[in-house]
Amino acid sequence: MSESLSLSARALAARAPVAAEADYLNDLNPAQREAVEALDGPVLMLAGAGTGKTKALVARIIHLVRQSKAYPNQILAVTFTNKAAREMKTRILGQLGEAAEGMAWMGTFHSLSVKILRRHAELVGLKSSFTILDTDDQLRLLKQLIAAANIDEKRWPARLLAGLIDGWKNRAWTPDRVPASEASAYNNRGTELYEAYQDRLKTLNAVDFGDILLHCVTIFQRHRDVLEDWQRRFRYILVDEYQDTNVAQYLWLRLLAQAHHNICCVGDDDQSIYGWRGAEVGNILRFEADFPGAVVVRLEQNYRSTPHILAAASGVIKGNANRLGKTLWTEETKGEKVRLIGHWDGEEEARWVGEQIEDLQRGRLGHDLSLEDMAILVRASHQMRAFEDRFLTIGLPYRVIGGPRFYERQEIRDAMAYFRLAVSPGDDLAFERVYNLPKRGLGEKAFATINQVARAAEVSLLDGARECLAHGQVSGKGGAALRTFVESIDRWNWFVLNRDNPELVAPLEAEIASLKDLNFSHLEEDDRAEAERERARRLSPLQFRLGLLTSHIALAEAILEESGYTDMWVQDKTPEAPGRLENLKELVKALEQFENLTGFLEHVSLIMENESEEQTEKVSIMTLHAAKGLEFPAVFLPGWEEGLFPSQRSMDESGQKGLEEERRLAYVGITRAEELCTISFASNRRVYGQWQSQLPSRFIDELPADHVDVLSAPSLHNSYGMGGGNSFDARVAKADVYNSPGWRRLQNSQQTRGVSAPREASHLTIDAQAVTGYGIGERVFHQKFGYGNIVAMEGDKLEIDFEHSGLKNIVARWVIPAHQVTDVPF
DNA sequence: CGTCAGGTGCTCGCT
DNA sequence: GCACCTGACG
């Protein structure tokens with residue numbers, strides 16, 4: 001065995017150029033090399049941001065193969081996202097060539113687990129054809145169970161229960177293992193409903209995302225023989241982003257690595273930002289205890305960012321108590337300081353960022369960057385709006401990353417439900433989703449009847465519907481519509497089942513061929529034309545039918561047509577309808593990459609692809625979470641304000657732990673930047689439609705002053721006549737923004753009152769109350785409409801001509817004289 | 001059955 | 001401020 005292994009490895013090596021063989025090791029720095037060459041036994045690679053961990057991981061896999069330690073298909077490589085898996089695969093392919101094709105076990109926890117689970121489904125009471133539910137299906141199922149349990153869903157929302165169950169599954173608790181301490185959850189009925197939910201999933205032959213891992217762990221724990229098989233198969237295990245693993249994933253890994261301990265985990269405790277969805281930083285902090293004798297390698301040399309950016313990031317992350325501790329360093333010596341700037345409000349901030357981006361694009365700020373090189377990273381998705389609005393008005397191309405996922409969109413999910421019915425007519429959730437979509441005149445009542453009949457007979461909803469039709473329980477107009485619906489599904493399913501069936505295809509092809517062979521040249525011109533038309537008339541249904549039998553794409557199109565679903569959107573006059581039709585076209589196009597509908601459905605249930613090839617350069621807007629693993633020459637980090645970032649909710653819910661995670665998020669944000677990192681905050685922001693005055697984030701205070709350049713917002717000093725040279729302004733701004741005793745005091749007073757202290761009353765409101773009179777022509781400021789001049793007055797009402805919003809009638813106490821605007825918390 | 005008006009409640013979002 | 005859900009009407 002080992003002989004043939006080494007032979008094949010040598011054969012491989014011989015095929016590759018000699019230089020290339022050594023390259024993958026010589027390219028590495030000493031730490032990376034150590035992590036790559038420690039092949040046997042447990043290894044923990046602590047890889048800071050931008051330290052070349054993917055490179056090291058890839059080199060390690062190549063080394064394993066070249067050293068004949070394992071065949072590619074004996075290496076288990078786990079990532080968190082499909083994107084990461086794909087990237088690694090491409091890089092390995094580039095270096096290993098065809099041998100990389102054998103890397104069958106590289107993927108996400110979920111995709112690998114599905115593969116394993118399909119082989120042993122019966123061990124957890126499922127058929128191997130189980131379907132994978134997404135959060136939407138999950139929620140609908142839970143709502144039904146909640147209703148059945150006579151619980152008021154308003155007081156006890158389904159989302160709450162879904163969150164609880166997810167949490168339990170993340171911790172690898174099957175219903176019988178949920179500890180007693182959780183008994184009070186969901187009005188004391190959480191565990192009971194969890195059990196009911198699992199039962200229901202089993203009857204539906206379905207799993208949710210949590211189950212995929214949980215079932216695997218259960219199987220490994222209860223069936224030694226199965227576990228041992230997989231342990232033998234995977235001789236080496238590699239895990240990326242180990243700091244993001246939850247308990248279930250941890251157990252999954254530990255069970256598989258138990259026998260040989262050949263496990264290499266790569267991660268960065270400072271980049272653990274998924275605690276809220278069950279990730280346990282503890283997993284990485286505990287690694288050495290879990291795997292005694294582990295080799296721990298720290299990758300600290302950074303190849304991404306300038307020294308100032310690194311220093312700023314280090315300064316912030318230093319504030320966290322619970323960390324393994326790394327210090328990033330770089331050989332780079334040049335580079336700009338991190339830039340910090342305060343703005344009046346969110347819109348102003350967006351305007352400034354827009355201008356900066358345009359300046360950068362034109363090479364005005366000493367950088368030669370394209371829009372693709374720039375990104376805006378926000379804490380919460382609602383912050384994106386201000387930027388989108390602004391960029392739309394100035395015509396700056398942008399793209400939002402991680403918005404509503406393609407496959408989560410309504411029209412995609414609807415279409416998928418139709419496909420699911422065609423592939424497995426017994427899919428009740430799919431049936432429920434589309435039985436009355438487009439509207440077929442089948443409402444609650446019809447569904448209740450079908451559901452009842454189906455439940456009583458213990459058959460699928462589709463068969464239940466058949467039953468209802470047979471016994472006239474659903475009749476009239478609704479009955480006719482239901483009949484068409486049922487017959488359509490049967491028909492589509494028939495095409496799925498008879499895909500490429502030669503007994504059906506061959507005669508069709510023969511008939512088409514014979515029709516085509518007909519020669520009309522001997523006929524008169526008029527007769528010939530008529531004959532041609534007749535031929536086309538007979539040919540087209542045959543060709544259509546052949547298409548449905550041989551092409552899943554043609555079938556998919558037919559399904560969407562025949563169901564009336566496409567037409568529903570064609571008829572729809574709302575502005576989003578055209579976009580939805582576009583998406584449906586894209587969906588059909590995506591089918592091309594698959595051999596059949598089943599393969600496609602499997603893929604989509606585990607994957608979200610939102611990347612369509614784009615031509616125009618665009619600036620990216622995304623959340624900090626979505627930015628992990630990415631890098632950009634220029635990064636903008638807006639909204640660094642108390643309550644927004646760090647997020648109030650995070651601190652309320654998880655206290656100090658929550659704050660530390662927020663701080664790691666700040667660290668992730670800063671370390672995304674290669675050349676230019678710009679942090680900003682606004683003094684006023686609209687939160688849920690309410691204007692609030694904001695305090696700069698405590699993280700701003702934690703930035704080491706030596707590595708920060710404080711900019712003054714040009715619009716502020718211009719409008720307020722602060723005048724003076726830039727350096728003066730910078731000092732003024734610096735004094736005001738960054739070190740002002742005023743805001744430190746505010747900050748301190750807020751801290752003593754705890755993180756949930758009520759907001760300071762807006763200075764503007766207070767000042768406005770002190771103002772007694774205005775004159776015509778006086779320049780005033782309104783929090784919402786900005787600057788304007790008073791054109792008329794009546795009692796306490798002013799008619800104001802706003803610079804941006806035009807004429808408005810405003811009660812005097814909502815505005816202040818423009819010259820008082822400087823009295824804001826910075 | 002479908003539509004509209006009013007009330008409510010709200011991170012981050014991987015698989 | 002907006003999106004989503006529910007309940008009252010046509």
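In what follows, chains carry the letters A, B, and so on, assigned in the order in which the sequence lines appear, proteins first and then strands, with residues in each chain numbered from 1.
For A:Glu388, the side chain to side chain contact (heavy atoms under 4.5 Å, CB included) criterion is met by A:Met384, A:Tyr398, A:Val400, A:Ile621, not counting sequence neighbours. In this view, A:Ser620 and A:Arg399 satisfy the side-chain hydrogen bond (donor to acceptor under 3.5 Å, both in side chains) rule, not counting sequence neighbours. By the side chain to side chain contact (heavy atoms under 4.5 Å, CB included) test, A:Ala590 is found to be paired with A:Phe600, residues two or more places apart in sequence or in another chain being considered. Residues meeting the side-chain hydrogen bond (donor to acceptor under 3.5 Å, both in side chains) test with A:Asp268, sequence neighbours left out: A:Gln271, A:Lys326. Remark: A:Glu641 pairs with A:Arg685, A:Gln694 by the side-chain hydrogen bond (donor to acceptor under 3.5 Å, both in side chains) rule, at least two apart or across chains. Contacts of A:Ala480 classified as side chain to side chain contact (heavy atoms under 4.5 Å, CB included), with partners at least two apart in sequence or in another chain: none. Looking at residues two or more places apart in sequence or on another chain, you find a side-chain hydrogen bond (donor to acceptor under 3.5 Å, both in side chains) between A:Ser113 and A:Trp252.
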Per-nucleotide protein contact string for nucleotides 2-10 of chain C (B base, S sugar-phosphate only, - none; heavy atom under 4.0 Å): S----S---
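A:Asn170 has its CG atom 17 Å from the P atom of B:dG13, to the nearest Å. Between the CZ atom of A:Arg379 and the P atom of B:dC10 there is a distance of 16 Å, rounded to whole Å. As a whole-Å value, the separation of A:Met384 CE from B:dT11 C1' is 12 Å. If you measure from atom CG of A:Asn246 to atom P of B:dC12, you get 21 Å, rounded to the nearest angstrom. A:Leu624 has its CG atom 12 Å from the C1' atom of B:dT11, to the nearest Å. For the pair A:Tyr274 OH and B:dT11 P, the computed distance is 16 Å after rounding to whole Å. Note: CG (A:Asp652) to P (B:dC12) measures 16 Å, nearest angstrom. Rounded to an integer number of Å, the gap from CZ of A:Arg686 to P of C:dG1 is 6 Å.
In the set B:dT15, B:dC12, B:dT11, B:dT15 carries the atom at the smallest distance from any side-chain atom of A:Asn82. Relative to the side chain of A:His110, the nucleotides B:dC12, B:dT15, B:dC10 differ in distance, and B:dT15 lies closest. Of the candidates B:dT15, B:dG13, B:dT11, B:dT15 carries the atom nearest the A:Thr108 side chain, counting heavy atoms from C-beta on. Side-chain proximity of A:Arg277 to the nucleotides C:dG1, B:dC10, B:dG13 is greatest for B:dG13.
Using a 4.0 Å heavy-atom distance criterion, A:Glu653 is classed as a base contact. Looking at heavy-atom distances under 4.0 Å, A:Ser647 makes contact with a base. Within 4.0 Å of A:Phe80, counting heavy atoms only, lie sugar-phosphate atoms of the nucleic acid but no base atom. Within 4.0 Å of A:Glu662, counting heavy atoms only, lies at least one base atom of the nucleic acid.
Residues from residues 156-166 of chain A with heavy atoms under 4.0 angstrom of DNA chain B: there are none.
DNA chain B is contacted by both A:Thr135 and A:His382; A:His382 maps to the nucleotide lying nearer its 5′ end (nearest heavy atom per residue). Taking for each of A:Ala380 and A:Ser111 the nucleotide of DNA chain B with the nearest heavy atom, the 5'-most of the two is the partner of A:Ala380.
Side-chain N/O atoms of A:Thr623 include one lying less than 4.0 angstrom from OP1 or OP2 on B:dG13. Contact between the side-chain N/O atoms of A:Ser381 and the OP1/OP2 oxygens of B:dC12 is found at a separation under 4.0 Å.
Once the 5.5 Å centre distance and the 30° plane angle are applied, the aromatic ring of A:Trp276 is found stacked with the base of B:dC12. Stacking is not found between A:Phe109 and the pyrimidine-like six-membered ring of the B:dT15 base under the 5.5 Å centre-distance and 30° plane-angle cut-offs.
By the 6.0 Å and 45° rule, A:Arg118 stacks over the aromatic ring of A:Phe130.
Sequence neighbours left out, the pairs with a member in residues 204-218 of chain A that pass salt bridge (charged side-chain N to carboxylate O under 4.0 Å, His left out) are A:Lys169-A:Asp208, A:Lys169-A:Asp211. For the ring-ring contact (aromatic ring centres under 6.0 Å, His included) condition, the pairs that include at least one residue of residues 131-166 of chain A, sequence neighbours left out, are A:Trp156-A:Tyr186.
Ring-centre distance between A:Trp640 and A:Phe681: not below the 6.0 Å cut-off.
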Produce the list of close N/O pairs, under 3.5 Å, pairing protein atoms with atoms of nucleotides 1-4 of chain B; give distances to one decimal.
{"from": "B:dC1", "atom 1": "OP1", "to": "A:Gly443", "atom 2": "N", "distance (Å)": "3.2"}
{"from": "B:dC1", "atom 1": "OP1", "to": "A:Glu444", "atom 2": "N", "distance (Å)": "2.8"}
{"from": "B:dC1", "atom 1": "OP2", "to": "A:Gly443", "atom 2": "N", "distance (Å)": "2.8"}

Could you check A:Tyr197 against A:Gln138 for side-chain contact (heavy atoms from CB on, under 4.5 Å), going step by step and ending with a plain yes or no? CA-CA 9 Å; A:Tyr197 173 64; A:Gln138 190 187 2; 2.9 Å; yes
Are A:Lys89 and A:Arg86 close enough, and set up right, to give a side-chain contact (heavy atoms from CB on, under 4.5 Å), and what steps lead you there? CA-CA 5 Å; A:Lys89 206 163 217 163; A:Arg86 225 181 306 131; 5.6 Å; no
